[in-house]
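Below is one structure, written out as structure tokens; the observations come after it.
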Amino acid sequence: MAEDLAARRMSLHGRDLVSIRDLSREEIVSVLDSARKMVPAAEGARPATDLQGKIVAMAFFEPSTRTRLSFESAVHRLGGSCLTIADAGATSIRKGESLYDTIRMLSSYADAIVLRHPHEGAARLAARASDRPVINAGDGSGQHPTQTLLDLATIRERFGTLAGLRVVLLGDLKYGRTVHSLAYALAEFGSEIILSSPDTLRLPEEHREELKHQGAKLREEPDLYKAVREADVLYVTRIQKERFPDESEYRAVVGSYRIDGSTLRGAKPQLIVMHPLPRAGEIAPEVDATPHAAYFRQAFLAVPVRMALLNAVLGSARKGG
Ligand code: NCD
């Protein structure tokens, strides 16, 4: 009985995933382990039925290609079905319906809700509105925890570990939610984080403070060439144009960094270049053919990782059950 309770506490069954901080290190490792086993099913080589009879709602109030489609692919590969909002303009939000009401209603149509929203904090609000698990698929500049899981899966697949690596986070560290989630997880697993960004797009003070408090090995290296030479992982991000309150602030930094053959000349042979995608000129296409390019593998791993997560979260019980 006591063991049962302990196992239940460890389990993700029926739980929300709003921030990567909602998961312990052990829980992250267990999702990554089961994702590895899901690869043949994610490739369509082995049919799976774990989500048969389950409905997952995709509530996407912001553009998405990979995140939504890999979530949908994950549900289909597991034999479940999806309800999808891909365009908020086609829903009653247009008529002034609140997010709270939309989510509350969706939670009576589906067994879990995957939400993407332009406002930071939206996923936390949705989790309160829903009696079904809510998975944050990106809330403004806040968090993107499932992206972090697949980023970690990519790193682990290449290096066999998440500890002791040097990871350069490059680009828009101010508005980029992928790095806000990933930095925390890297610190948890004991990898070193090197921040490299244009001065106006530095990681916000509150994140740096929190990471230091967490005991992260963290430093800044604005010189891209120096950062690349040291890196095991170069995690490139897009400038989040849509988050800039002022267009001139964006124009001042656009095109300020780009990875190409010459940037990678001094890199370690084992360096992997990652990117959550979409890229908008930060990685030259010539990098794709090099052994450093890991971003398309990273995009594929979204499917087995999201399969593993949905499998762990979805069951017959209601939230917290
Ligand atoms: C990222 C996002 O939406 O935060 N994309 C993704 O989910 N793969 C990164 C981005 O849009 O730049």
Side-chain angles (χ1 to χ4, degrees), residues 17-20 35 42 58-74 84-88 114-123 126 134-155 167-186 195-198 201 203-204 207 233-244 249-250 253-259 272-283 288 293-307 309-310:
L17 177 56
V18 172
S19 160
I20 193 70
M58 305 291 159
F60 278 68
F61 299 113
E62 225 188 24
S64 169
T65 306
R66 267 150 299 272
T67 303
R68 181 167 64 79
L69 296 183
S70 62
F71 259 115
E72 290 187 1
S73 176
T84 295
I85 298 172
D87 172 14
V114 177
L115 174 73
R116 169 167 288 190
H117 198 278
H119 295 148
E120 192 169 336
V134 170
I135 298 174
N136 183 4
D139 63 325
S141 297
Q143 283 275 308
H144 196 347
T146 64
Q147 178 70 42
T148 294
L149 291 173
L150 71 94
D151 294 342
L152 296 176
T154 309
I155 297 172
V167 182
V168 172
L169 303 179
L170 172 68
D172 185 349
L173 310 184
K174 180 178 182 183
Y175 297 115
R177 56 196 174 199
T178 62
V179 285
H180 296 164
S181 289
L182 180 59
Y184 174 82
L186 291 170
L195 306 171
S196 191
S197 66
L201 298 179
L203 189 71
H207 287 288
V233 176
L234 175 61
Y235 192 94
V236 188
T237 62
R238 175 180 69 88
I239 297 183
Q240 307 284 294
K241 183 179 182 192
E242 64 277 28
R243 310 264 179 249
F244 283 69
E249 195 197 332
Y250 169 73
V253 285
V254 65
S256 57
Y257 56 92
R258 180 174 164 88
I259 302 301
I272 61 169
V273 179
M274 296 176 61
H275 194 306
L277 302 176
R279 60 179 151 178
E282 312 82 36
I283 301 180
D288 299 2
Y295 29 92
F296 291 119
R297 180 67 183 168
Q298 184 185 357
F300 162 71
L301 287 173
V303 179
V305 165
R306 290 179 168 132
M307 287 169 79
L309 178 71
L310 287 167

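Quick caveat: nothing in here was measured; it's all calculated off a predicted structure. Whatever order the structure lists them in is the order used to number ligands and atoms, beginning at 1.
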Review point. Under a 4.0 Å heavy-atom cut-off, what residues line ligand 1?
Key: Thr67, Arg116, His144, Gln147, Arg177, Thr178, Arg238, Gln240, Pro276, Leu277, Pro278
Study note, to complete from the structure: Sequence neighbours excluded, the answer for side chain to side chain contact (heavy atoms under 4.5 Å, CB included) partners of Ser73 is Arg77, Val303
Point to revise | Sole candidate of Leu169, Leu277, Leu170, Thr178 that passes side-chain contact (heavy atoms from CB on, under 4.5 Å) when paired with Thr237 | key: Thr178
**Study point:** Residues in side chain to side chain contact (heavy atoms under 4.5 Å, CB included) contact with Glu242, at least two apart in sequence or another chain
**Key:** Arg238, Gln240
**Study point:** Results of side-chain hydrogen bond (donor to acceptor under 3.5 Å, both in side chains) for Tyr184 - residues two or more places apart only
**Key:** none
Practice item. Could you walk me through whether Ser181 and Gln147 pass side chain to side chain donor-acceptor pair (under 3.5 Å), step by step? Key: CA-CA 8 Å; Ser181 289; Gln147 178 70 42; over 6 Å; no
Study note, to complete from the structure: Nearest heavy-atom approach of Gly121 to Asp139 is N-OD2, 2.8 Å
